[in-house]
Amino acid sequence: MSAHQYDEGHTVAGWTGFGIATVGTAVLGLGVCMVSAPLVVGGLGIVAVSVLVTWALHLTGWGKPPGIRPREQWGMRVRDTGARAGHPGCVGCRLAGRGARRTAAAGEVVPTAAGEPAPAAATPRS
């Protein structure tokens with residue numbers, strides 16, 4: 001355990017993504033040294049897979065948002081119960097359609113629960 005309340009990246013999603021990305025960059029580096037296009041493309045593919053795996057794990061609750069958390073949530077094996085609704089300011093959650101949405105009329109941010117339809121536009125667009 002750390003002595004402070006911030007544990008950025010100490011999650012299953014973070015470490016799994018890091019491990020896969022490390023293998024991908026090693027294959028990519030080997031491809032550059034050997035001047036091998038298939039190894040370079042393979043390494044780039046592995047790095048892309050690491051991004052997708054990390055994102056999927058984050059969305060299933062194995063990644064946590066940045067910031068201060070209570071002591072009982074510091075452990076790496078503790079799932080994030082708020083992942084389904086989305087994390088405020090999280091690009092990954094917004095890409096998945098979770099988190100805060102903007103209303104068309106007032107422009108204010110309104111948090112939505114998972115599965116709730118997006119607010120309808122107040123005026124038709126031309």
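Values below: every heavy atom of this structure, side chains too, minus hydrogens, waters and symmetry copies.
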How far apart are the C-alpha atoms of C90 and R98, what are their side-chain angles, what is the distance that settles it, and do they pass the side chain to side chain contact (heavy atoms under 4.5 Å, CB included) test? CA-CA 9 Å; C90 177; R98 298 178 180 178; over 6 Å; no
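- In terms of heavy-atom proximity, G61 sits nearest to A83 at CA-CB, 3.7 Å.
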What verdict does the side chain to side chain contact (heavy atoms under 4.5 Å, CB included) test give for K64 and V78, after you've listed the backbone C-alpha separation in whole Å, the side-chain angles of each residue and the deciding distance to 0.1 Å? CA-CA 9 Å; K64 298 175 189 168; V78 176; 4.0 Å; yes
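- W15 and L59 fall into different hydrophobic clusters, where Ile, Leu, Val, Met, Phe, Trp and Tyr residues are linked whenever their side-chain heavy atoms come under 4.5 Å apart, directly or through other members.
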Validation: residues 25-34 side-chain donor-acceptor distances under 3.5 Å, sequence neighbours left out:
from	atom 1	to	atom 2	distance (Å)
T25	OG1	A21	O	3.1
T25	OG1	T22	O	3.0

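- Other cluster members for V41: none, since no ILVMFWY side-chain heavy atom sits under 4.5 Å from it.
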Please determine whether side chain to side chain contact (heavy atoms under 4.5 Å, CB included) holds for the pair R79 and T60, giving the CA-CA distance in whole Å, both sets of side-chain angles, and the decisive distance to 0.1 Å. CA-CA 8 Å; R79 288 185 81 167; T60 57; 3.8 Å; yes
Review item, side-chain donor-acceptor pairs of residues 49-57, under 3.5 Å, at least two apart:
from	atom 1	to	atom 2	distance (Å)
S50	OG	V47	O	2.6
T54	OG1	S50	O	2.7
W55	NE1	G92	O	2.9

